[in-house]
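It should be emphasised that the depicted structure is a prediction, and the values quoted were computed from it without experimental measurement. Letters A, B, ... are given to chains in the order of the sequence lines, protein chains preceding strands, and every chain is numbered from 1.
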Amino acid sequence: MTLRVYDTRSRSKRVFKPLVEGQVGIYACGITPYSPSHIGHARQAIAFDIIVRWLRKSGFKVNYISNFTDIDDKIISVSLEEGVNFLEVANRNIDDYFTVMDALNVLRADAYPRVTETIPEIIEMIQDLIDKKHAYEAEDGVYFEIDTAPEKYGQLTGQTLDMVRKGAGGRVDNTGSGKRDHRDFALWKLAKEGEPNWESPWGNGRPGWHIECSAMSLKHLGEKFDIHGGGSDLVFPHHEAEIFQSECCLGHDPVVQYWLHNGMINIDGEKMSKSVGNFWTVSDALEKIEPLVLRYALINAPYRQPVDFNSVMIDDSISHHGRLLSSYSEALYYSEGIRNDYSGIEHLDEATRRIRAGMDDDFNTRIALVEIQSVVKSLTSLIDSDENDTHLMSAYVQWLEEFAGEVLGILPTPSVAISLHEEKISRRSEISSKVESLLEMRESARASKNWPESDRIRDELTEMGVVVEDSPDGTKWRIS
RNA sequence: GCACGGAUGGCAGAGCAGCUAUGCAAGGGAUUGCAGAUCCCUGGACCCGGGUGCAAAUCCCGGUCCGUGCUCCA
């Protein structure tokens, strides 16, 4: 079994081979905490959560790092508006991040470095770049000089220096006052009046946007590491800039072996943005959708594809996830918490083979969900068959926990699932006698072909949340 | 304008050269007073034009449309 991943730099799927056998270092760009997390952040977090889960499942020892850019222009502007310290803004939104990502069952990374805790390393790296003549000091900060490494340009985007020069057009004059060339980018920005700042050899200021990730990945993962990830909107300029910084500083290339980028989220076919007014924070979404259903929805397309967030896909996710949850919790209940090895059960073996092949093919969660749906379908008919084969059921339980739970993270814990089912059962016993007597009345109405009365009683039961099902061997009912 | 990605049945979304994707929806049947649930069955797609293959949704070339990025913006 071979894992293949799509590498943005080579623009193709490549067989995954880590630098050190059996170990994987992975760095994924996290958020700039200037506002509460939105569902695009959730998608990024979930995508890399699942990538890490699958790497671990495949036997790799994984070191997963995800950062917070806790100082930046937008954070400063929010802090000025509110008249509070910038760290208060950042910490508040980082708290929000952890709260919602925990709810979405995103496992914690091994470390969450922050820019403000990496200042010495950042300064050291900038100094190194200056010493190596790749960066220069200007009146408003320190800049990386693109022309010192033109061969590195466009590794991720395919653009050349000339293209960008043309594309930038009239904006050249508006960016960065001290730059020698408009394509140069800031490594250190000198502080203006009232801005947060740190001491440096070039004056008090703060790091530019890109250098932090080079410094933090170096600090936590070393001079070369396996996977660097993030949203596809970061490909340019952020990740291109990182290549310049890291490779020029360390003197070798490539520093990053595989570049992985997740796709963006559209709302009803349009880009999600604050200006369009179709902006969903995760908290907004969680008011309407169960967290695990949202997670399900966000992995319904492979991580590189754009996801269109619309009511149809949400409704689909609600019903599909609901089916998974109720069959799982019911099977768990009947099998009394026992787990059974599923190997040897043909259908489950086949599903296992396909789900593995799908996940090994650039983490295709869509394929995985298809297999899970198919397993759920046969489990549901097993439960409905009245055979009460708890041995077989417990094998299904184990399979679902392994793939829907451990790998995709879309199952609640067994105790939560059990209590969901028990709630149903207790609700059932609560209203049982009333329902039974109504059903008897309805039965006699039906016997005398009094259909209006029969339907009236059925409506009454519907109001109570009871679904009536007539069948050849009598009338059954269940909680909707 | 330039770069990168995408275009598959009513919708969502696999497919990476030969073999049913799948789910939802639709139609037919079984069951039913009706409805629901369940089971069985069915139809239906590969943006356009060329090219290379015994064979192309799948590879190549050209076009059209869509998305994203083009310097601090998720």
Side-chain angles (χ1 to χ4, degrees), chain A residues 4 6 8 11-13 29-32 34-35 37-44 69 72-74 144 146 154 156-160 162-169 171-172 174-176 179 181-186 189 208-210 230-238 240-241 261-266 269-274 279 297 300-302 304-308 310 312-313 315-317 319-320 323 354 358 361-362 364 366-374 376-377 380-381 384-385 445-446 449-452 454-455 458-459 462 467-473 476-478 480:
Chain A
R4 294 161 73 237
Y6 185 91
T8 306
R11 272 170 233 119
S12 62
K13 284 181 192 166
C29 285
I31 61 161
T32 300
Y34 71 95
S35 64
S37 295
H38 59 237
I39 56 178
H41 295 138
R43 190 185 191 199
Q44 186 273 336
T69 303
D72 116 302
D73 290 347
K74 287 205 220 65
F144 187 95
I146 292 279
L156 300 180
T157 54
Q159 301 188 101
T160 65
D162 284 344
M163 287 170 181
V164 175
R165 183 175 283 137
K166 277 183 194 160
R171 278 165 292 171
V172 174
N174 306 331
T175 53
K179 294 181 186 182
D181 186 300
H182 78 276
R183 299 155 306 174
D184 294 349
F185 53 87
K189 302 165 82 159
W209 178 29
H210 315 299
S232 62
D233 55 338
L234 297 180
V235 172
F236 189 95
H238 186 55
E240 292 261 10
H261 293 100
N262 64 276
M264 300 288 100
I265 288 194
N266 294 329
E270 258 188 301
K271 183 187 174 176
M272 179 169 84
S273 76
K274 283 181 177 167
F279 197 81
N300 200 208
R304 287 192 294 127
Q305 296 298 114
V307 162
D308 192 52
N310 59 56
V312 173
M313 76 87 95
D315 289 346
D316 272 8
S317 301
S319 76
H320 290 152
R323 224 174 295 169
R354 288 189 196 176
D361 186 9
D362 200 32
N364 192 326
R366 173 66 200 185
I367 299 260
L369 289 181
V370 166
E371 290 310 316
I372 285 167
Q373 281 169 32
S374 131
V376 164
K377 192 173 178 179
T380 305
S381 62
D384 289 345
S385 69
R446 292 180 76 207
K449 297 200 193 299
N450 185 353
W451 309 127
S454 157
D455 289 346
R458 187 168 63 197
D459 288 345
T462 304
V467 179
V468 177
E469 288 171 358
D470 297 326
S471 78
D473 20 285
K476 291 179 183 168
W477 65 281
R478 61 184 171 84
S480 63

Looking at the base of [N], is there any donor atom on it, or on the side chain of [X], that sits under 3.5 Å from an acceptor on the other one?
{"X": "A:Ser454", "N": "B:rG33", "value": "yes"}
{"X": "A:Asp455", "N": "B:rG33", "value": "yes"}
{"X": "A:Asp361", "N": "B:rC16", "value": "no"}

Checklist entry - Taking the side chain as C-beta and beyond, is there a heavy-atom pair between A:Val370 and A:Arg366 under 4.5 Å? => result yes

What nucleotide among [options] has an atom nearest to a side-chain atom of [X]?
{"X": "A:Arg11", "options": "B:rG23, B:rG5, B:rG33", "result": "B:rG5"}
{"X": "A:Pro302", "options": "B:rG13, B:rA35, B:rG69", "result": "B:rG13"}
{"X": "A:Arg323", "options": "B:rC24, B:rG33, B:rA12", "result": "B:rC24"}
{"X": "A:Gln373", "options": "B:rG15, B:rG5, B:rG23", "result": "B:rG23"}
{"X": "A:Arg366", "options": "B:rC70, B:rA12, B:rG33", "result": "B:rA12"}

Next on the checklist: With rounding to the nearest 0.5 angstrom, report the CD to NE2 distance, A:Glu240 to A:His210.
Outcome noted: 10.5 Å

Next on the checklist: Does this structure show an ion pair linking A:Asp361 with A:Arg4, if we count only N-O contacts that are shorter than 4.0 Å?
Outcome noted: yes

Next on the checklist: Whole angstroms only, please: what is the CZ-C1' distance between A:Arg446 and B:rA35?
Outcome noted: 11 Å

Checklist entry - Roughly how far apart, to the nearest Å, are B:rC46 and B:rA21 at atom C1'? => result 13 Å

Next on the checklist: Between B:rU38 and B:rG44, how many Å separate the two C1' atoms, rounded to a whole number?
Outcome noted: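 It works out to 25 Å between them.
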
